[in-house]
Amino acid sequence: MTRAGMSRRGLVLSLTVAVVAPAPAAAADKVVLSIDASRTGARIDRNLFGQFAEHLGHGIYDGIWVGADSPIPNTRGIRNDVVAALRALNVPNVRWPGGCFADEYHWRHGIARRAVTLNPTWGGVIEPNTFGTHEFMDFIEQIGSRAYLSVNVGSGTPREAAEWLEYLTAAQPTTLAAERAANGHPAPYAVGYLGIGNESWDCGGNMTPERYLDELKAYARFVRNFNPAQEGPSRMLKIAVGPGGDGPRWTEWTDAIMKAWQGRSWSWDFDGLSLHNYTVVKWPPAYASTGFGEAEYAQILKATLEMDRLVATHSAIMDKYDPQKKIALVVDEWGAWYAPLPGSTPGFLVQQNSLRDAVLAALNLNIFARHAERVRMANIAQMVNVLQAQILTDKAKMVLTPTYHVFRMYVPFQDATSVPVAFDAGTYTRGDVTLPRLDAIAARDTAGRLWLAVTNVDPNRHVAIEVALTGLTPRSAAGETLTAPAVDSVNTFESPDAVARKPVQATVDGGRVTLTLAPKSVTVVAIER
Ligand code: AHR
C-alpha cells in the first residue's frame with residue numbers, strides 16, 4: 001500500500017484526529033488509540049462470523065460425518081470433538097451444501113434410501129449422500145447454529161428447490177411434510193437463510209446477469225419457507241448471487257442485480273447480495289501454506305487487505321439503488337486459498353493454517369466490522385479440512401487452527417455495537433510491500449463492556465498501545481493474545497498448541513489503558529467499567 005493509501009485509510013478510521021506524518025523514530029513503537037465509548041456505530045451482526053461447509057474433500061466426510069458405527073465418538077454419526085469445538089465459536093450460521101457442489105446437488109439423493117452419485121467438481125469422487133438434509137439439520141442443532149442452504153439453480157429447477165423447502169419447513173400435513181415425518185422429523189425445521197444459486201456467473205452455469213435475474217425472480221417467488229415460527233422477525237432471508245471480485249465484469253454484475261432489485265415487483269425480492277473474494281495472489285493458487293518466509297507473509301496480507309476496497313466498491317454501487325441499506329452485502333466465501341499440500345488428493349483443497357492466517361482472519365473480520373452497516377453476513381471458506389479451515393482432522397485426531405482461535409477470541413463482537421477507534425497505524429515494510437502496522441476495532445456488548453481487538457501486523461517489532469478513553473472510566477482490562485515464534489507457525493496433531501491463546505493483562509491508570517502487543521499477534525481485551 002502506498003503512503004497515500006495509508007493516509008486515506010487513516011482518515012476513514014479517524015473521527016476527530018487527523019493523520020499526521022510518521023512519528024519520530026523514538027516514539028514509533030507507541031500507538032495511541034483514541035476511543036470515545038459514548039459514540040457508537042453500527043451493530044456488528046453475529047452473522048459475520050458464519051461458516052461454510054461444502055461437500056468437498058474431507059470437509060463433510062471425516063471432518064463432520066463419521067457415521068454412527070464409527071469408533072470415533074459421535075452422536076448420530078456426527079463427530080463429538082468437532083461439535084464441541086464449534087459450539088465454543090457460537091457459530092451463527094453454516095452455509096451448505098456448496099459452493100459449486102450446490103448447483104449439482106439434488107436433495108432427494110440425501111434422504112431415506114441414499115443415491116450414490118459423483119462429485120464431479122471436487123475430484124470426481126464418490127458422493128455417498130449419507131450426509132443429507134436430516135444429518136445437516138441435526139449437525140446445525142448440535143452446534144447451536146442456523147441453516148444457510150444454497151439451492152441448486154445451475155442444474156436444478158425452482159420446483160425442486162420449492163419442494164425441498166416445503167419438505168423442510170411445512171407444518172401442515174402435506175405429502176412432503178408427512179415424508180419428512182416418516183424420515184424421523186415430524187416438526188418443521190427452521191431455515192434461516194436461502195442462497196439462490198452459487199457463482200451463477202461461473203461454476204453455477206456461467207450465466208449473464210440477465211439470465212440469472214430471470215432465474216432469481218422465479219426462485220425468489222416460488223421457494224417458500226412455510227414454518228409458522230419463521231413468520232415475522234425470524235423470517236428466512238434470501239441471498240442473491242453477487243460479484244466474484246474486482247473489475248468491470250463484477251461491478252456490472254452488482255449494478256445489474258441491484259438495478260433490477262430497485263425496480264422489483266411485488267412478486268419477488270431478496271435480502272442479501274453475496275460477494276466471493278479469496279485471498280490469492282494469482283491463479284492458480286501457488287503460495288505455500290507452510291514453510292514460507294516474511295516476504296510471503298507480507299505479500300499475502302497485502303492481498304487480503306484488498307477486501308476493504310472490494311467491499312467499498314460494491315457497497316457504493318448498492319448505495320445507488322438502496323440508500324437505506326435494506327440489502328445486506330453477504331461475503332459468503334472468503335479466506336486464503338493456497339497451493340494444495342504436497343501429496344494431498346487433487347481437488348480436495350487441503351492446506352495448512354498458520355499464524356499468518358490468524359492475522360489474515362483478524363484483518364478481514366475488522367474490515368467487515370468497519371462496514372457493518374452494509375456487510376451483515378460472511379462465511380469463511382471453509383469450516384473443516386478445506387481451505388482456511390477452523391479445524392483439521394485425521395481419523396480420530398483433531399486440531400484447532402490459528403484461525404479457529406481468532407474466531408474464538410472474536411465471539412464477544414457478535415451482535416456488539418461498533419465504537420469508532422482513531423489511530424495512526426504507522427507502517428510495516430518488507431521488500432516492496434508496505435502495510436499498516438496495526439489494525440484495531442472496538443465494540444460495546446450489551447453488558448456495557450468495551451471490547452478491543454488489536455492486530456500487530458509487524459512480525460519483528462512490539463507495539464506499545466495506549467488507549468485514550470472518554471465516555472467510560474476503565475477499572476480493569478484483560479483478555480487473550482495469539483502469537484507464535486514464526487509467521488509460518490502451525491498447529492499439528494503432534495503439536496496442537498504451537499499457536500495458542502494466552503491470557504494478557506493490561507494496565508489501567510486513570511482513563512488510560514496500556515498494553516504491549518507482541519510482534520505478529522492478535523489480541524482481544526475486555527475493558528470493564
Ligand atoms: O470454496 C471452494 C469453491 O470456491 C466453492 O465451491 C466455489 O463457490 C468457489 O469458487
Original post:
Are side-chain heavy atoms of Ser344 and Gln351 found at a separation under 4.5 Å?
Top reply: no
**OP:** Mind running salt bridge (charged side-chain N to carboxylate O under 4.0 Å, His left out) on Lys326 and Asp322 for me, showing each step along the way?
**Re:** CA-CA 7 Å; Lys326 287 187 177 158; Asp322 173 29; over 6 Å; no
Original post:
For Glu104 and Leu118, what are the C-alpha separation, side-chain angles and deciding distance, and is it a side chain to side chain contact (heavy atoms under 4.5 Å, CB included)?
Top reply: CA-CA 10 Å; Glu104 297 190 90; Leu118 291 171; over 6 Å; no
Original post:
Will you find, in the side chains of His371 and Asp308, an N or O donor that is under 3.5 Å from an N or O acceptor?
Top reply: yes
**OP:** Could you grab the distance from atom CG of Leu194 to atom CG of Leu237, nearest 0.5 Å is fine?
**Re:** 10.0 Å
Subject >> For Val386 against Leu56, the heavy-atom pair lying closest together >> reply: CG2-O, 3.3 Å
Subject >> Test item: Ile64 and Glu135 side chains (from C-beta on) under 4.5 Å apart, heavy atoms >> reply: no
**OP:** Please confirm whether the backbone N or O of Ala162 pairs with a side-chain atom of Arg224, one donor and one acceptor, at under 3.5 Å?
**Re:** no
Subject >> Where Lys325 and Arg374 come nearest, the two heavy atoms and their spacing >> reply: CA-NH1, 3.4 Å
Subject >> Minimal non-hydrogen separation, Ser418 against Ile44, with atom names >> reply: OG-CG1, 3.4 Å
**OP:** Return the set of residues passing salt bridge (charged side-chain N to carboxylate O under 4.0 Å, His left out) with Lys259 (not counting sequence neighbours), or none when no residue passes.
**Re:** none
Subject >> 4.5 Å side-chain heavy-atom contact, Trp261 and Ile257 >> reply: no
**OP:** Report the C-alpha separation of His185 and Tyr167 in whole Å, then their side-chain angles, then the decisive distance to 0.1 Å, and conclude whether the ring pair (Phe, Tyr, Trp, His ring centres under 6.0 Å) test is met.
**Re:** CA-CA 10 Å; His185 207 276; Tyr167 177 87; 9.8 Å; no
**OP:** Answer yes or no: are there more than 12 heavy-atom neighbours, outside Glu480 itself, under 6.0 Å from its atom CD?
**Re:** yes
Subject >> Crowding at CD, Gln262 (>12 non-hydrogen neighbours, <6.0 Å) >> reply: yes
**OP:** Would you name the heavy atoms of Ala147 and Phe136 that are closest together and state the gap between them?
**Re:** CB-CE2, 3.7 Å
Original post:
Could you walk me through whether Ser150 and Asn198 pass the side chain to side chain donor-acceptor pair (under 3.5 Å) check?
Top reply: CA-CA 7 Å; Ser150 287; Asn198 170 75; 5.7 Å; no
Original post:
Can Asn47 and Tyr193 be counted as having a side-chain donor-acceptor contact under 3.5 angstrom?
Top reply: yes
**OP:** State the CE-CG distance between Met409 and Leu365, to the nearest 0.5 angstrom.
**Re:** 11.5 Å
Original post:
Counting heavy atoms not belonging to Arg159, are there more than 12 under 6.0 Å from its CZ?
Top reply: no
**OP:** Give the intermediate values and the outcome of salt bridge (charged side-chain N to carboxylate O under 4.0 Å, His left out) for residues Arg76 and Glu141.
**Re:** CA-CA 12 Å; Arg76 295 179 293 280; Glu141 204 177 311; over 6 Å; no
Subject >> Main-chain N/O of Ala336 paired with Thr279 side-chain donor or acceptor, under 3.5 Å >> reply: no
Subject >> Residues that Arg95 engages under salt bridge (charged side-chain N to carboxylate O under 4.0 Å, His left out), provided they are two or more places apart >> reply: Asp332, Glu333
Subject >> Exercise: do Ser200 and Glu215 side chains pair donor with acceptor under 3.5 Å >> reply: no
Subject >> Heavy-atom pair with the smallest gap, counting every atom of Asn353 and Ala389 >> reply: ND2-O, 3.0 Å
Original post:
Would Tyr338 and Asp357 count as having a side-chain donor-acceptor pair, cut-off 3.5 Å?
Top reply: yes
Original post:
Does the side chain of Tyr219 pick up a donor-acceptor pair with the side chain of Asn152 at under 3.5 Å?
Top reply: no
**OP:** Kindly determine whether Ile380 and Gln51 satisfy side chain to side chain contact (heavy atoms under 4.5 Å, CB included), including the steps that lead there.
**Re:** CA-CA 5 Å; Ile380 190 166; Gln51 300 281 336; 3.4 Å; yes
Original post:
Hey, is the main chain of Thr75 close enough, under 3.5 Å, to the side chain of Gln142 for a donor-acceptor pair?
Top reply: yes
Original post:
Roughly how far, to the nearest 0.5 Å, is CG of Leu355 from NE2 of His405?
Top reply: 11.0 Å
Subject >> Crowding at CZ, Arg249 (>12 non-hydrogen neighbours, <6.0 Å) >> reply: yes
Subject >> Flag side-chain contact, heavy atom, 4.5 Å: Asp103 against Val153 >> reply: yes
Original post:
What's the shortest heavy-atom distance between Thr393 and Val384, and which atoms?
Top reply: CG2-CG1, 4.1 Å
Original post:
Will you find, in the side chains of Thr254 and His314, an N or O donor that is under 3.5 Å from an N or O acceptor?
Top reply: yes
**OP:** Would you please say whether a donor-acceptor pair under 3.5 Å links the side chains of Gln230 and Thr169?
**Re:** no
Original post:
Can you tell me if Gln388 and Thr403 form a side-chain donor-acceptor pair at under 3.5 Å?
Top reply: yes
Original post:
Between the side chain of Glu54 and the main-chain N/O of Gly59, is any donor-acceptor distance below 3.5 Å?
Top reply: no
Original post:
What residue among Tyr148, Trp65, Trp107, Tyr105 forms ring pair (Phe, Tyr, Trp, His ring centres under 6.0 Å) with Trp96?
Top reply: Tyr105
Subject >> Main-chain N/O of Arg309 paired to Thr313 side chain as donor or acceptor, under 3.5 Å >> reply: yes
Original post:
Out of Leu275, Ile367, Asn379, Leu48, which residue meets the side chain to side chain contact (heavy atoms under 4.5 Å, CB included) rule with Val331?
Top reply: Leu275
Original post:
Passes side chain to side chain contact (heavy atoms under 4.5 Å, CB included), Phe407 versus Phe49? Steps please.
Top reply: CA-CA 7 Å; Phe407 272 72; Phe49 303 88; 4.2 Å; yes
Subject >> Spacing of Ile317 atom CD1 and Glu252 atom CD [to the nearest 0.5 Å] >> reply: 9.5 Å
**OP:** Any chance you could measure Phe413, atom CZ, to Arg46, atom CZ, to the nearest 0.5 Å?
**Re:** 15.5 Å
Original post:
How many angstroms lie between atom CG of Asn183 and atom CZ of Arg113, to the nearest 0.5 angstrom?
Top reply: 13.5 Å
Original post:
Are Tyr321 and Asp255 close enough that some pair of their side-chain heavy atoms sits under 4.5 Å apart?
Top reply: yes
Original post:
Side chains of Asp45 and Met377: closer than 4.5 Å at any heavy-atom pair?
Top reply: no
Subject >> Leu149 side chain near Leu168 side chain, heavy-atom distance below 4.5 Å >> reply: yes
Original post:
Between Tyr410 and Asn366, is a side chain to side chain donor-acceptor pair (under 3.5 Å) present by the stated rule, with each step listed?
Top reply: CA-CA 10 Å; Tyr410 271 66; Asn366 293 354; 2.7 Å; yes
Subject >> Evaluation steps, side chain to side chain contact (heavy atoms under 4.5 Å, CB included), between Asn227 and Val191 >> reply: CA-CA 9 Å; Asn227 188 334; Val191 177; over 6 Å; no
**OP:** Output yes when a side-chain donor or acceptor of Gln172 lies under 3.5 Å from a complementary backbone atom of Thr174, and no otherwise.
**Re:** no
**OP:** Would you check if Ile111 and Glu179 make a side-chain contact, meaning some heavy-atom pair closer than 4.5 Å?
**Re:** yes
